[in-house]
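Below you'll find the structure, written out as structure tokens, and then a few comments.
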Amino acid sequence: MIIVLKPNTSKEQADEIQRRIEAKGLKPLYLPGTERVVLGAIGDERVLAQLHLEGHPQVESVKPILSPHKLVGREFHPHDSIVKIAGVPVGGERFVVIAGPCAVESYQQMTDTAKAVKSAGAAVVRGGAFKPRTSPYAFQGLGVAGLEILHKVSKEQGIPYVTEVVEVADVELVAKDSDALQVGARNMQNYRLLSALGHCGKPVLLKRGPAAELKELLLAAEYIVNEGNPDVIFCERGIRTFETATRNTLDLNAVPFLKQRSHLPVMVDPSHGTGVRSLVTPMARAAVAAGADGILVEVHVDPSVALSDGAQSLYPQQFAELMEGIKPFVQAAGRTL
Ligand code: PEP
Ligand code: MN
């Protein structure tokens, strides 16, 4: 329910209405605007009807929130949210590039990659310590040792990092030092994990499941925000279709769709979205044009020996060319790198 208050309403009067909402077991929200205050009430709207707020002298109007994803939707929160990854603002004017290997393999590999992507203009480095792999025989990541490498390299090279968390038991450990936590495509509907991330105190990069509808992605984000963490960034990473020429089909419809429905930032991962190195840069340009707030790109110092996702990983030189290649698109989109 959206409760629009009259322009002359004092903070005390607004507080009193919020207390009445809370007393009914609903979650009150306070949104001060330039002209008037808007309150929200999240929960069973039939209960709210018992308060008869339409008759309150300070209430101008009461409207139901129609979308099922009330917290991440734009209805109640019309302005874009900016989510900061260690001070790097995602969702504002800046187009944010996150780059790095699929998996952390060694201190040297991570150091060389962090140096290369930072000097080419990436704002954040990535690398998986815990890897959710399709095959149990594939490299599963270095685990805790990988986290330690990421932390050290990030400090030494002066660049924040994002890394994946694959299960509830690891949330605290991964959240301790990292600047943002990634939820991989395979875990988008792991609701226990999403709820736990609502308390992790760090931004969450939420990837779309390979067979998830966009409304399911919105509701997955709602789980995290509903538990108290407003800092969620969507990431479109391609979905499974009948097409086999590419690893996934990068659904760029998702970008304007999510931007229209939600106030949260939207990033695009053209690496997993295509699975093909030569397609990454063209689709990165397309992501900028579609209105994405940033991209997530896999870069490896030597993709020919990468322990995971080598075929889609860019060589550092190719990443530098990608950064040059997106510049005119970023400028045309009215943004900065
Ligand atoms: C990754 O980012 O390396 C990854 C595992 O991605 P996804 O969850 O999108 O497959
Ligand atoms: Mn990968």
Side-chain angles (χ1 to χ4, degrees), residues 85 96-105 109-110 113 117 122 124-136 138-143 146-147 149-150 161-167 170 174 178-190 193-194 197 203-212 214 216-217 220-221 232-241 246-252 254-255 258 266-277 279-280 283-284 287 292 294-315 319:
I85 301 181
V96 175
V97 179
I98 302 178
C102 181
V104 179
E105 297 169 9
Q109 169 240 21
M110 224 32 243
T113 315
V117 299
V124 178
V125 70
R126 62 151 284 154
F130 294 99
K131 295 302 302 176
R133 303 304 302 281
T134 304
S135 164
F139 176 57
Q140 303 288 316
L142 294 180
L147 291 181
I149 291 172
L150 280 166
Y161 68 98
V162 53
T163 194
E164 182 162 351
V165 61
V166 295
E167 65 162 317
D170 296 340
V174 179
S178 66
D179 299 300
L181 284 77
Q182 175 174 320
V183 174
R186 292 156 185 82
N187 265 319
M188 189 208 87
Q189 285 176 307
N190 181 340
L193 180 63
L194 300 177
L197 289 166
V204 177
L205 183 71
L206 177 62
K207 289 189 141 195
R208 179 184 183 181
L214 291 170
E216 293 168 325
L217 175 59
V232 179
I233 302 166
F234 291 114
C235 183
E236 165 60 44
R237 48 76 74 200
I239 51 173
R240 184 159 290 181
T241 66
T246 50
R247 182 179 178 186
N248 289 292
T249 297
L250 188 62
D251 177 16
L252 288 180
V255 178
L258 292 169
V266 179
M267 297 190 77
V268 168
D269 172 352
S271 303
H272 294 85
T274 61
V276 181
R277 185 178 301 127
L279 302 181
V280 173
M283 293 315 285
I295 47 173
L296 183 73
V297 183
E298 285 188 343
V299 180
H300 195 286
V301 269
D302 184 0
S304 70
V305 295
L307 296 182
S308 65
D309 287 350
Q312 67 194 31
S313 298
L314 299 184
Y315 286 85
F319 177 67

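Any value given below was found using the heavy atoms of this structure, including those in side chains, with hydrogens, waters and symmetry copies removed. Remember, it's 1-based here, ligands and their atoms both numbered in the order they're listed.
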Any donor-acceptor N/O pair, S271 side chain to E298 backbone, under 3.5 Å:
yes
N/O of E164 under 3.5 Å from N/O of ligand 1, yes or no?
no
Minimum-distance atom from the Mn ion (ligand 2) among N, O or S atoms of D309:
OD2
Is a salt bridge present between K207 and E164, judged by a nitrogen-to-oxygen distance below 4.0 Å?
no
Salt bridge present between R247 and D309 (N-O < 4.0 angstrom):
yes
Could you go through V125 and I98, starting from their C-alpha distance and side-chain angles, then the distance that decides it, and tell me whether this counts as side chain to side chain contact (heavy atoms under 4.5 Å, CB included)?
CA-CA 5 Å; V125 70; I98 302 178; over 6 Å; no
Among all protein heavy atoms, pick the one closest to atom 4 (C) of ligand 1 and tell me residue, atom and distance.
H272 NE2, 3.4 Å
Considering only the protein, which heavy-atom contact is closest to atom 8 (O) of ligand 1, and what is its distance?
A185 N, 2.7 Å
Quick check on contacts: which atoms of ligand 1 are under 4.0 angstrom from a heavy atom of [X]?
X: C102; result: 3 (O)
X: E298; result: 1 (C), 3 (O)
X: G184; result: 8 (O)

Flag if over 12 foreign heavy atoms under 6.0 Å of CZ, R133
yes
Looking only at non-hydrogen atoms, which of K207, M188, K131, R237 approaches atom 6 (O) of ligand 1 most closely?
K207
Is there a side chain to side chain contact (heavy atoms under 4.5 Å, CB included) between Q109 and H300 once you walk through the steps?
CA-CA 8 Å; Q109 169 240 21; H300 195 286; 3.5 Å; yes
In degrees, rounded to 10 degrees, what angle do E298 atom OE2 and C102 atom SG make at the Mn ion (ligand 2)?
100°
Check step by step if side chain to side chain contact (heavy atoms under 4.5 Å, CB included) holds for Q312 and V276.
CA-CA 5 Å; Q312 67 194 31; V276 181; over 6 Å; no
Taking a cutoff of less than 4.0 Å between a non-hydrogen atom of the residue and any ligand atom, is Q182 in contact with ligand 1?
yes
